[in-house]
Amino acid sequence: MSLENFESFFALIDCNNFYVSCERLFNPSLLNKPVVVLSNNDGCIIARSNEAKALGVKMGAPYFQIRGYLERNGAVVISSNYEIYEDISKRFINIIRSKICFVEAYSIDEAFIELKGILKKKRFEFCKELKDEIYRLIGIPVSIGIGKTKTLAKVANKIAKKQKDLNGVFDITNNEEEILKNFEVKDIWGIGKSKSNYLKNIGIQNALELSMIDDSFAKKSLSIKGLTTVLELRGIKCINLQEERPKQKEIIVSRSFGLDVDNFKSLRESVSYFAIAAVNNMRSLDLYAKTLFVFITSNPFKENFCSYQKEVNFDFYTQDVFLILNAAEDCLNDIFKCNVNYKKAGVILKNLSTRQAALGNLFTSLEDENTYNLMRSIDLLNKKIKKDAVFFAVEGVDKIWQARKDHKIAKRASEIDII
DNA sequence: TCTGGGGTCCTAGGACCC
DNA sequence: TCTGGGGTCCTAGGACCC
């Protein structure tokens, strides 16, 4: 048997209209209807059912601009509920892991797998069975694209999604050239708006043309990433499967406000709330931060946009919520200006390190033991009673800055009982 | 009235040094 | 008259992803 039969291939498994599909699990009446899911603050469209796509609803469209159109067409509008989506995402990944070892959980609704040790003629069959199994166990429809490289698997996935007669699985290797010739440059993974505009201007319209450009020209005009894309389109493997998630480099918690905020008190409450959320996230990852970054901005879609920010470095790596809260407040004190309508604020924890690496620092004083014990107790209470049963007074109670979520269908992750 | 949030990586350009 | 040339490090901002 030739080696070619054992050549390693990639497949990309992508959940169809993931957030909409999740909502449909709880509410089957949403089936066969145009459904959209909104981003935080009910700002933009971030997921569309096929029926909504057929109405011409664009990804990322501001909701207020198309609200009337959606209403007239009987579309169902839902505020996003990430807790649920994350829970279902974990189940999705677990099913894949139970079928194959080489898995990269790429995003909340996508996974790459490497088809190693699977015979060429069995590849397609394996993916088809995987797709059926995912649907059988969690009720989420997926599409699977197969290719020699991750970039080609991405292309194949788009074809699998678009061409209904393929039943959701497509292997691009059978007619690669033809597919690439009809695949627009702007739809290629790694080619964004800026690069696709540039390529259009120099007369490169499709993926096949892009795959044939000169290497050094690609690097010079599209940067190293662009060259990688070009090579991958040619079937040269440059991007490996990342089975282990690389250590996170920063943690961001930021929100747009439901209303404009001009008073220091509300702003301080929001920044405190974000700082605590960021620290909680960091603690759950068992990381420590050396740098804190705080920012506040006005509405970027209005005139006189302004943005203020400040960064502070701690003397040591820390997880101490009190230290970080105080520092965040100090930052805000320094950057706050009166007579500005603030629309958004955020906190970033940077310079993250594991406990072990942090301890390697001569000047480390990781945390006060009392703080550590207190935080553990709060975690336990919130887990036992309910989320946010215990919270810090600085977060405020009324939270007038909080985002709108007018279309939320109330439910909790515990209601999910599919498997 | 109303336009998300959370990430990573790359590059250009300034500062500094020899 | 004539204004080097590298190297390194850092950072802000852009580009891209989902």
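First the proteins, then the strands, lettered A, B, ... as listed; each starts at 1.
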Please give me every residue in residues 208-244 of chain A whose heavy atoms get under 4.0 Å of an atom in DNA chain B, ordered by residue number.
A/S223, A/I224, A/K225

Pair A/F112 and A/F102, ring centroids less than 6.0 Å apart:
no

Determine, using ring centers only, whether A/W189 and A/Y106 are less than 6.0 Å apart.
yes

Nucleotides bounding contact with chain A, strand DNA chain B, heavy-atom threshold 4.0 Å
B/dC2 to B/dT11

Taking a pair as Watson-Crick (N1 to N3 plus N6-O4 or O6-N4) or G-U wobble (N1-O2 and O6-N3), both under 3.5 Å, which stems of 3 or more consecutive pairs involve DNA chain B?
B:5-18 with C:5-18

Pair A/F316 + A/Y288: ring centers closer than 6.0 Å
no

Report the residue (A/Q248 or A/K343) whose heavy-atom-nearest nucleotide on DNA chain B is the more 5′ of the two.
A/K343

Give a yes or no on whether a salt bridge exists between A/K154 and A/E232, defined as a side-chain N under 4.0 angstrom from a carboxylate O.
no

On DNA chain B, check which nucleotide each of A/K249 and A/R255 is closest to and give me the residue with the more 5' one.
A/R255

My understanding is that only one of A/N167, A/N16, A/D14, A/N157 makes a side chain to side chain donor-acceptor pair (under 3.5 Å) with A/S143; could you say which?
A/N16

A/D87/A/R91 salt bridge by N-O under 4.0 Å criterion
yes

Using the C1' atom as the point on both nucleotides, what is the distance between C/dG4 and B/dC16, in whole Å?
16 Å

